[in-house]
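Okay, so here's the structure we're looking at.
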Amino acid sequence: MVDYLNTLNPVQRQAVECIDGPVMVIAGPGSGKTRVLTYRVAHLMRSGIAPWNILCLTFTNKAAREMKERIETVVGIDVRKVWAGTFHSIFARILRIESPKLGYPSDFTIYDTDDTKSVISEIIQTMGLDKKNYNPNNVRSRISAAKSNLITPKMYAQNSELIDYDRMNRMPMIYKIYERYAHKCFRAGAMDFDDLLLQMYRLLYENKDNVKQKYQHAFRYVLVDEFQDTNYLQYAIIKELVNYPGSPENICVVGDDAQSIYSFRGATIENILQFESDFPATQTFKLEQNYRSTDPIIHAANQLITHNRNQIQKKIWTENEGGSKIKILQILSDTEEGRRVADLILEQKNRNHITNRDFAILYRTNAQSRVFEEHLRRNNIAYKVFGGLSFYQRKEVKDLLAYLRLAVNPKDDEALKRVINYPRRGIGKKSVENLIDQATESDQSIWDMLHNGNIKGRSARMIEQFSQMIGSFGRKASEQDAYTTAMHIAKHSGVLAAMREDTSMEGIGRLQNLTALLDGIKEFIDADEAEDIGDVQDKTLSSYLQNIALLTDFDTSEESTDYVSLMSVHAAKGLEFESVFVVGMEENLFPSFMAMSDPNQLDEERRLFYVAITRAKKLLCLSFAKTRYQYGQVRFNDPSRFLKEIPEECFDTVINLGQQTNGLPSEPKRLRRIAPLPKPKLPKLDIDVSDFRPSPSHTIKEGMTVLHLKFGKGEVQKIEGNNANKVATIHFSQIDNPSRKIMLKFAKLQILE
DNA sequence: GGGGGCTATGGGGGG
DNA sequence: CATAGCCCCC
């Protein structure tokens, strides 16, 4: 066993050893917060606390995983039974056991943001509301905010402040949409991300079968990382678990008000301020010594944050004297920024002998990643982009996942809508609309309509077949493991076959993604790791789906890890790198134009920048471009005000950053829009229109040579489909992508031979 | 049924 | 600029 206590400084050590009663640790960046949390858990276990009595809520699953690994090497005790993970993943696990107490199936589906938006759009439509006023995204965030603040639909409807606000924004019916949305999700056996928290709260609050006491008893020691980024609802759950008469109140929260950057999703700094009054016995520890960065970086960070209005007083300091000054780069354009940063990375690699994995490029918006990708690729530097469209959001992946979801929970309307006619099986738009309408009207799921609905016309047989198929998938899912089931579904749904048919470059890529998905499922069932908080390892499809619904980019394993990391500043929270580039340091970008008129939001942007620069251990480079393409226009933005808030002596060169802005937003100057060049049309084919005599469609047969007015001569290779819906595959040798599928009933073709 | 081209619209951060 | 939604056309 490692003598871990002696590796800590006095304050850290106190925070680790003080295991009974409420503890709050205010920890500056790089002050060994993770060490404290990790060693605290290790210390608990060495003091004889059973691992299953420890609940540790971290910000990412990766952080939880790394903590467990570290603990295992430190104390050599089996840590697998510690409840460690994100709020969402831990609560999803508990709800999987307890959700029947709330009327949900234990195989409930987790709706992602796209599903949520789709449900909301449908409600807006069926309510006959104007889509111009009701933007699904706005509505979604209103509903999400309500849930995060424990406001039920009923409370929402009675809250005049909320109703007035919505009325002012010309969306007076949001309360009604909220009510319908909640009902619809419930009826579909689905929870969205907020529900994972909200239903957990309900579970404890309603306390059916004394389930609250069960978990209060189980979680005798509770630890919460990044406490400054928890919202009202999350804190309410923690209090349900810990704050009750006779509680030992063994709760430890760790956070830093200066790094609070998630208020947009309901996080509230109030929680930190509230904590000491909710738990009067709280002992507070402040970790202020920074072990991560060198002096110029720390100095800059301290100075920067003094520009914020409210903060808990603390000053971070370091013994890492000296160190390189901060590099500041003034660049002409955003493209140039990509080139310069890639070049600097090469240079630093050679001069300072650091490897790809030591570098990070951090930006305010994910859309900025592209130029850096381009130039890194050009310089042959391996990189990985975090955030953006994840693997699980790709169309082909979502298609197969929809089938898997449907097998587990056929009431999942969103999944059903996605695949009822994919691959094509002759259940057209009209039939689907009809089913949806009936479902809405009778307040049942679409799945129920497949059996009880009033289905007329040709699609009836196809619908019957589809429903049979999903039923058989469901039986498979309840009998076999996730991989066997998924493989079976991929084959028998026709998804795999549809993919194989598409031999274009993109099509091959999509097939590879599907294969990767299936491989991932195999990995899941082969994995020996005991993510099993229940007693048996759960290898079912249902378990797999719950697992991946909460994965992020950081949770995917890969062979090679030596890459430059590209990510948003938000995503970089909690990480550190030898060399960090913070790019796009311009007004209207960082700080974001969305925040410019609100002092509170400006403060949050500043905290975000604080987080960005404190990721760097040794080298920090800040860059800004004079011109940048934004929303189709060249824009001239001033250097970010944040650059001016860092003392000049921190920088390696002095750059004239212009007038200090007095807090007023500077209107971005813009250039006239440049008209796009017309795209080249199909080459003109020399066909005399007056000679063109299209032949009747039924006379066209495989093997014929035909003439088409735009595509020219072509060879009929294949004819598929029945009667009126025959589709011909014709090879037109005179055009760019010669193989075309044409529906014969529309096409005008003249038979040549 | 579905792809291509056009227009309107948004425009941030994420579990 | 990117994307969504629409219409047109085959």
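Letters A, B, ... mirror the listed sequences (proteins, then strands); counts begin at 1.
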Ranking dG13(B), dG12(B), dG2(B) by distance to the side chain of R424(A), first place goes to dG2(B)
Without decimals, in angstroms, what is the distance between K573(A) NZ and dG12(B) C1'? 16 Å
dC8(C) pairs with which nucleotide, Watson-Crick or G-U wobble, both distances below 3.5 Å? dG3(B)
Touch class at under 4.0 angstrom, heavy-atom based, for R140(A) against every strand present: base
Looking at R405(A) and E414(A), is there a salt bridge between them, counting it only when a charged N and a carboxylate O are closer than 4.0 Å? no
Round to the nearest Å and state the distance from L362(A) atom CG to dG12(B) atom C1'. 16 Å
Would you indicate what Q234(A) reaches in the nucleic acid, counting non-hydrogen atoms under 4.0 angstrom: base, sugar-phosphate, or nothing? nothing
By nearest-heavy-atom nucleotide on DNA chain B, the more 5' of L551(A) and N135(A) is N135(A)
Ignoring hydrogens and angles, does a donor from either the side chain of E605(A) or the base of dG12(B) sit under 3.5 Å from an acceptor on the other? yes
Touch class at under 4.0 angstrom, heavy-atom based, for Y262(A) against every strand present: sugar-phosphate
When rounded to whole Å, the CD1 to C1' distance for the pair I261(A) and dG15(B) reads 14 Å
Just by distance, do the side chain of S640(A) and the backbone of F590(A) share a donor-acceptor pair under 3.5 Å? yes
Output the single nucleotide from dG14(B), dG15(B), dG13(B) whose closest atom is nearest the side chain of E604(A). dG13(B)
Quick one: label R370(A) by what it contacts on the DNA or RNA (base, sugar-phosphate, nothing), any heavy atom closer than 4.0 Å. sugar-phosphate
Go through it in stages, so that I can follow the logic: the residues are Y111(A) and Y181(A), the test is ring pair (Phe, Tyr, Trp, His ring centres under 6.0 Å), and I'd like the CA-CA distance, side-chain angles, deciding distance and then a yes or no. CA-CA 12 Å; Y111(A) 272 174; Y181(A) 171 75; 7.8 Å; no
Within this structure, what is the CZ-to-P distance between R635(A) and dC1(C), rounded to whole angstrom? 14 Å
Expressed in whole Å, how much space separates the P atoms belonging to dA4(C) and dG13(B)? 15 Å
To the nearest Å, give me how far apart CG (N138(A)) and P (dG11(B)) are. 8 Å
Looking at dG1(B), dG15(B), dG13(B), which one has an atom nearest to any side-chain atom of N421(A)? dG1(B)
Has F264(A) got its ring stacked on the base of dG13(B), with centres under 5.5 Å and planes less than 30° apart? yes
Residue whose nearest DNA chain B nucleotide is more 5′ - F593(A) or I427(A): I427(A)
How close or far is atom C1' of dC1(C) from atom CG of D334(A), stated in whole angstroms? 11 Å
Worked check of salt bridge (Lys or Arg N to Asp or Glu O under 4.0 Å) between R607(A) and E604(A): CA-CA 5 Å; R607(A) 291 193 294 270; E604(A) 178 148 319; 3.2 Å; yes
A side-chain contact here means heavy atoms from C-beta on lying under 4.5 Å apart; do Y178(A) and R142(A) qualify? no
Within the distance-only criterion (no hydrogens, no angle test), does the side chain of H88(A) pair as donor or acceptor with the backbone N or O of L196(A) below 3.5 angstrom? no
Without decimals, in angstroms, what is the distance between Y363(A) OH and dG14(B) P? 9 Å
Tell me whether the side-chain N or O atoms of N366(A) pair up with the base of dG12(B) as donor and acceptor below 3.5 Å, since no angle test is needed here. no
I need the CZ-P distance between R394(A) and dT3(C), as an integer number of Å. 13 Å
Are the side chain of S260(A) and the backbone N or O of D257(A) linked by a donor-acceptor pair below 3.5 Å? no
Listed nucleotide nearest any side-chain atom of N137(A), set dG15(B), dG12(B), dG11(B): dG11(B)
From C-beta outward on T86(A), which listed nucleotide comes closest to its side chain: dG1(B), dG13(B), dG15(B)? dG15(B)
Is the shortest side-chain N/O distance from T365(A) to OP1 or OP2 of dG11(B) below 4.0 Å? no
Which part of the nucleic acid does T113(A) contact within heavy-atom distance under 4.0 Å: base, sugar-phosphate only, or nothing? base
Report yes if a donor N or O on one partner sits less than 3.5 Å from an acceptor N or O on the other, where the partners are the side chain of R364(A) and the base of dG12(B); otherwise report no. yes
